[in-house]
Amino acid sequence: MDANGNGEIDIEDFIIIGLQTPGIKVNRKDFLQKELMKNYPQETIDNAIEHNPAYAKIPPSEIDKIADEVIKFERNCVSGISAALGVPGGVAMVATIPADLAQYYGYMLRATQKLMYLYGFPEIDTTEKGHKFDSETMNLLIVCLGVMYGVQGTNTALKAMATALGKGVEKKLMRAALTKGTIYPIVKSVSKWFGVNMTKQIFSGFFKKAIPVVGGIIGGGITYLSFKPCCDKLKASLQDTLLSNPDHHTTEEEAVIVDAIEIAEV
């Protein structure tokens, strides 16, 4: 399970394993094409792909509707897997503990990519290079997961990144902010938070699965109940950024981070 080779089981391991799972990576162009072709002409779709849905004048209510369907679909997928993994026996019971968590975070990552694309973020580079994923991508996804769980500072950080991207900040400056600059301390804080809470999840999951059949029902139910609120938090954060709302009002906290990104030296 130590996918990043740092000697610990942490959130990066679950992100790496999740992204390596077939079907978890989301191609932005294909996703937007599929979702928008039901109601919009190709010219509008091309504009949304080249820029973003808000730029293409797609109403926020329509984006919200698609986002809700995305959350519903991913929620049903992950809860079904959790229930199935909750009813093993013997040695297999222990083996499913990390698998259950990996599947959970995998589907959460898929929902994250889809929501970010709907609300204006550019393509996320999830290409695996030499069994590693780009540090910028890793840290961006960690921030998003932090927003989903309400970790302090992540909501402001995500909105600030959207503002910077909306203002045309250079990619190298965004990368610097995520890997060694103003957003990096927030990433480390989120990683630490997950380290503590995942330990609790693993142990609670073990005892839950120690009761066959019933454990499966409980496991699927708990996953079903917990998944949507997390996705809803990310959706709420993405609904009002400079990428999704041209009239977005930047808070002082966001402005501080954006200014730090813009003046960073690479």
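Throughout, numbering of the chain's residues begins at 1 and tracks the sequence. All heavy atoms count here, side chains included; hydrogens, waters and symmetry mates do not. Here the structure is a predicted model, which is why all the values come from computation and not from measurement.
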Listed by chain and number, what are the salt bridge (charged side-chain N to carboxylate O under 4.0 Å, His left out) partners of [X], not counting sequence neighbours?
X	answer
Glu170	Lys172
Asp232	Lys228
Arg28	none
Lys159	none

Identify, with sequence neighbours excluded, every residue that meets side chain to side chain donor-acceptor pair (under 3.5 Å) alongside [X].
X	result
Lys167	Glu262
Glu136	none
Gln152	none
Gln42	Gln33, Asp46

Which pairs pass salt bridge (Lys or Arg N to Asp or Glu O under 4.0 Å) with one or both residues in [range], sequence neighbours excluded?
range	value
residues 15-27	none
residues 233-248	Asp68-Lys235
residues 48-62	Glu62-Lys65

Query raised in the report: Where does the angle between the aromatic ring planes of Phe194 and Tyr149 fall among parallel (under 30°), tilted (30 to 60°) and perpendicular (over 60°)?
Result: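 Because their plane-to-plane angle is over 60°, the rings of Phe194 and Tyr149 count as perpendicular.
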Under 3.5 Å, is there a donor-acceptor pair linking the side chains of [X] and [Y]?
X	Y	result
Glu254	His248	yes
Asn155	Ser237	yes
Gln239	Asn245	no

### Task
Please report the C-alpha distance between Ile15 and Ile142 in whole Å, then the side-chain angles of each, then the deciding distance to 0.1 Å, and finally whether the side-chain contact (heavy atoms from CB on, under 4.5 Å) criterion is met.
CA-CA 8 Å; Ile15 291 176; Ile142 288 174; 3.6 Å; yes
- Check against side-chain contact (heavy atoms from CB on, under 4.5 Å), Tyr119 and Ile63: CA-CA 8 Å; Tyr119 290 104; Ile63 297 300; 3.4 Å; yes
In the structure I gave you, are the side-chain heavy atoms of [X] and [Y] within less than 4.5 Å of one another anywhere?
X	Y	value
Ile16	Met138	yes
Cys230	Met108	yes
Thr241	Thr163	no

Partner of Leu234 under side chain to side chain contact (heavy atoms under 4.5 Å, CB included), chosen from Thr154, Leu145, Val147: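 Testing each of Thr154, Leu145, Val147 against Leu234, the sole residue satisfying side chain to side chain contact (heavy atoms under 4.5 Å, CB included) is Val147.
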What heavy-atom pair brings [X] and [Y] nearest, and what distance separates the two atoms?
X	Y	value
Val190	Gly146	CG1-CA, 3.9 Å
Gly120	Asn52	CA-CB, 3.5 Å
Arg110	Cys77	NH2-SG, 3.9 Å
Asn139	Leu178	ND2-O, 2.8 Å
Ala162	Leu242	O-CB, 4.2 Å
Leu109	Gly18	CD1-CA, 4.4 Å

* Determine which pairs satisfy ring-ring contact (aromatic ring centres under 6.0 Å, His included) with at least one residue from residues 19-72, sequence neighbours left out, and list them in order. =>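 Listed once each, the pairs are His51-Tyr55.
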[X]-[Y] co-clustered via ILVMFWY side chain contacts under 4.5 Å:
X	Y	answer
Tyr184	Val258	no
Tyr117	Phe73	no
Val256	Ile183	no

Working to the nearest 0.5 Å, report the span between [atom1] of [X] and [atom2] of [Y].
X	Y	atom1	atom2	answer
Lys114	Ile66	NZ	CD1	11.5 Å
Thr182	Asp259	OG1	CG	10.0 Å
Glu69	Glu74	CD	CD	11.5 Å
Thr44	Ile49	OG1	CD1	11.0 Å
Ile45	Lys38	CD1	NZ	11.0 Å
Ile257	Met161	CD1	CE	8.5 Å

Check: [Y] main-chain N/O paired with [X] side-chain donor or acceptor under 3.5 Å:
X	Y	result
Thr21	Ile24	no
Gln113	Val26	yes
Ser189	Pro185	no
Thr250	Ala255	no
Ser244	Leu238	yes

I'd like to know whether Glu128 forms a side-chain contact (heavy atoms from CB on, under 4.5 Å) with Leu19, so could you lay out the CA-CA distance, the side-chain angles of the two residues, the decisive distance to 0.1 Å, and finally the verdict.
CA-CA 9 Å; Glu128 191 173 7; Leu19 291 176; over 6 Å; no
Going through the checks in order, is the side-chain contact (heavy atoms from CB on, under 4.5 Å) test met by Phe133 and Leu141? CA-CA 11 Å; Phe133 292 96; Leu141 292 173; over 6 Å; no
